[in-house]
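These notes are about the structure you will find just below.
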Number of protein chains: 2
Amino acid sequence: MPEAPNSKDKVGMICRALRRAIIEQALEPGAKLPEDSLGERFGVSRTIARYALGQLASEGLVELRRNRIAVVVTPSWQDARDIFDIRMDLERLIVRKIAGKLSSSQIARLKAHVEAEREAHDGPNAVSIRLATEFHIMLASMTNSPVLVRYVSEIAYRCCLTLSLFSRPHSSECGISEHISIIEALQDGDANKAMSLMHSHLDSVANRALVEPTPARGRDLLDVLAPYTEEAT
Amino acid sequence: MPEAPNSKDKVGMICRALRRAIIEQALEPGAKLPEDSLGERFGVSRTIARYALGQLASEGLVELRRNRIAVVVTPSWQDARDIFDIRMDLERLIVRKIAGKLSSSQIARLKAHVEAEREAHDGPNAVSIRLATEFHIMLASMTNSPVLVRYVSEIAYRCCLTLSLFSRPHSSECGISEHISIIEALQDGDANKAMSLMHSHLDSVANRALVEPTPARGRDLLDVLAPYTEEAT
DNA sequence: CGTGCCCGAAGTGCATGCAATCGAGGAGAG
DNA sequence: CTCTCCTCGATTGCATGCACTTCGGGCACG
């Protein structure tokens, strides 16, 4: 566990809070994160806020620019592709590792989580996204491999960022039923089925999200103008 | 690029230096890293040293204990297994991505690197290990996927730690010829061959390294005693 | 000779202060 | 009216200071 889990750790508190804000899209890509404001908001000094930002930066969630205000990262389309690629591999590895090895209480916890997802389905979209993400992290944590948990967490968070950037009408994309199928395959110990289910699950999420750079509505004014830019002759 | 590459970044300097010291086994697992000493050594204040340690901790290279001196992590045998598992997957992903897509200058750089490995083969073992590790990182960087680079770097560094812990007579394990075969397969665009070569390459490294916890000579007295610990009735 | 306690030294946790840097907005020239 | 330059507030970069915690050794005691 790279990051202190104990509750009296100020830095950990801030990181968790910010991660959650990002995952629920309360903080959109590009949002500014001044050290003072953060410190004030969380009742700590700038030193601590700064440190927390450093941690988040190392997770690829915020971007630190020298002498400039830190911002929530704005993943490029290429970044998004890469991240989904790796996610695919890692999550396949996860299901391969845990298929047929889950205790009944673990299965129960997974099912309870999916139930929570279903209940939240009509609620605010942000909550749905968070729960769907947490499902995958929960899966990862059942491998008992801290490294896997860390990487999948990071990647899942960054996928949320991507989602909030590229897939506007995030049409309740959670795929709750897919989560259920995966649980069942895992319970049956059918690793191959679980892997292919996970594969198609992620694939559908990715495809719904990554609909090509949607030339208009490009992030940056410069990007938008790029195609129109022709040198005067 | 999660960590500032520009040379005037104090934190980056410290991190790079420490990573290198770890990879070359100048800093063994368990080595203490007091903030003051680090600060003094690098000509910065404790604040910066502390920040750097935080970054290294997020990479899983050092362990931060509250109110205690930070130390270089001592991976457990289980950690080592997990890490090699993930490494296997990620490196297979890498060769799949770059097989047949390398420019001739990239191939040349790879070959030059292996040549350097061969030259260093008789030199200090630490250098061999570093070069072998850098070869894999170089491969990763050719995917142009910052995330992959980051993860493989982290994992490769941690493998070095593991090596220095479990494989005592690190018998010039570099496997230079295997690196060459991999390059050739990549050049030919034979993704499958490259993947299986990489697989067996890593497998042999892992097997040479992970020779089971060698029950005697257990790291910690507490670990040795653990199986004998039964609560009094 | 082994065991438990206590205290000084060492080290961390965190806030604050000051210098350096960035950038937004206004003044002035064209 | 527009463009450029310059200044000042906002913000970061970093060192230092102080309180608190832990460590390790000496001393009394069994």
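Labels below follow one simple rule: chain letters A, B, ... track the order of the sequence lines, proteins then strands, and each chain is numbered from 1.
Rounding to whole angstrom units, CG of residue B:Leu53 and C1' of C:dT12 are separated by 11 Å. The nearest whole Å value for the distance from the CG atom in B:Asp9 to the C1' atom in D:dT12 is 13 Å. Put simply, CG on A:Leu64 is 16 Å from P on D:dT11, counting in whole angstrom units. Residue A:Ile69 contributes atom CD1, which lies 12 Å from atom C1' of D:dG9 at whole-angstrom precision. If you take CD of A:Glu40 and P of D:dT11, they are 11 Å apart, rounded to a whole angstrom. Nucleotide C:dG17 holds its P atom 16 Å from the CD atom of A:Glu35, rounded to whole Å. Separating the CG atom of A:Leu33 from the C1' atom of D:dT11 is a distance of 13 Å, rounded to the nearest angstrom. Atoms CE (B:Met13) and P (D:dC14) sit 12 Å apart, rounded to a whole Å.
With sequence neighbours excluded, the residues that form a salt bridge (charged side-chain N to carboxylate O under 4.0 Å, His left out) with B:Asp85 are A:Lys97. For A:Glu35, the salt bridge (charged side-chain N to carboxylate O under 4.0 Å, His left out) partners two or more places apart in sequence, or in a different chain, are A:Arg46, A:Arg50.
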With the criterion being N/O to N/O and under 3.5 Å, what pairs connect the protein with nucleotides 15-17 of chain D, and how long is each?
from   : atom 1 : to      : atom 2 : distance (Å)
D:dA15 : OP1    : B:Ser45 : N      : 3.3
D:dA15 : OP2    : B:Ser45 : N      : 2.8
D:dA15 : OP2    : B:Ser45 : OG     : 2.5
D:dA15 : N7     : B:Thr47 : OG1    : 3.2
D:dT16 : O4     : B:Thr47 : OG1    : 3.0
D:dG17 : O6     : B:Arg46 : NH2    : 3.3

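When each of A:Arg158, A:Arg19, A:Arg150 is paired with A:Glu59, the salt bridge (Lys or Arg N to Asp or Glu O under 4.0 Å) condition holds for A:Arg19 and for no other.
Closest-nucleotide positions on DNA chain C for A:Asn67 and B:Asp36 were compared, and the one nearer the 5' end corresponds to B:Asp36.
Put simply, A:Arg68 has a side-chain N or O that comes within less than 4.0 Å of OP1 or OP2 on C:dG23. In terms of phosphate contacts, A:Arg66 brings no side-chain nitrogen or oxygen within less than 4.0 Å of OP1 or OP2 of D:dT12.
A side-chain donor-acceptor contact under 3.5 Å links A:Gln55 to the backbone of B:Gly54.
With 3.5 Å as the limit, one finds no donor-acceptor pair spanning the side chains of B:Ser128 and B:Asn125. Remark: the B:His136 side chain and the B:Glu91 side chain contain an N/O donor-acceptor pair separated by less than 3.5 Å.
Other residues, nucleotides and ligands contribute at most 12 non-hydrogen atoms within 6.0 Å of the CD atom of B:Glu40.
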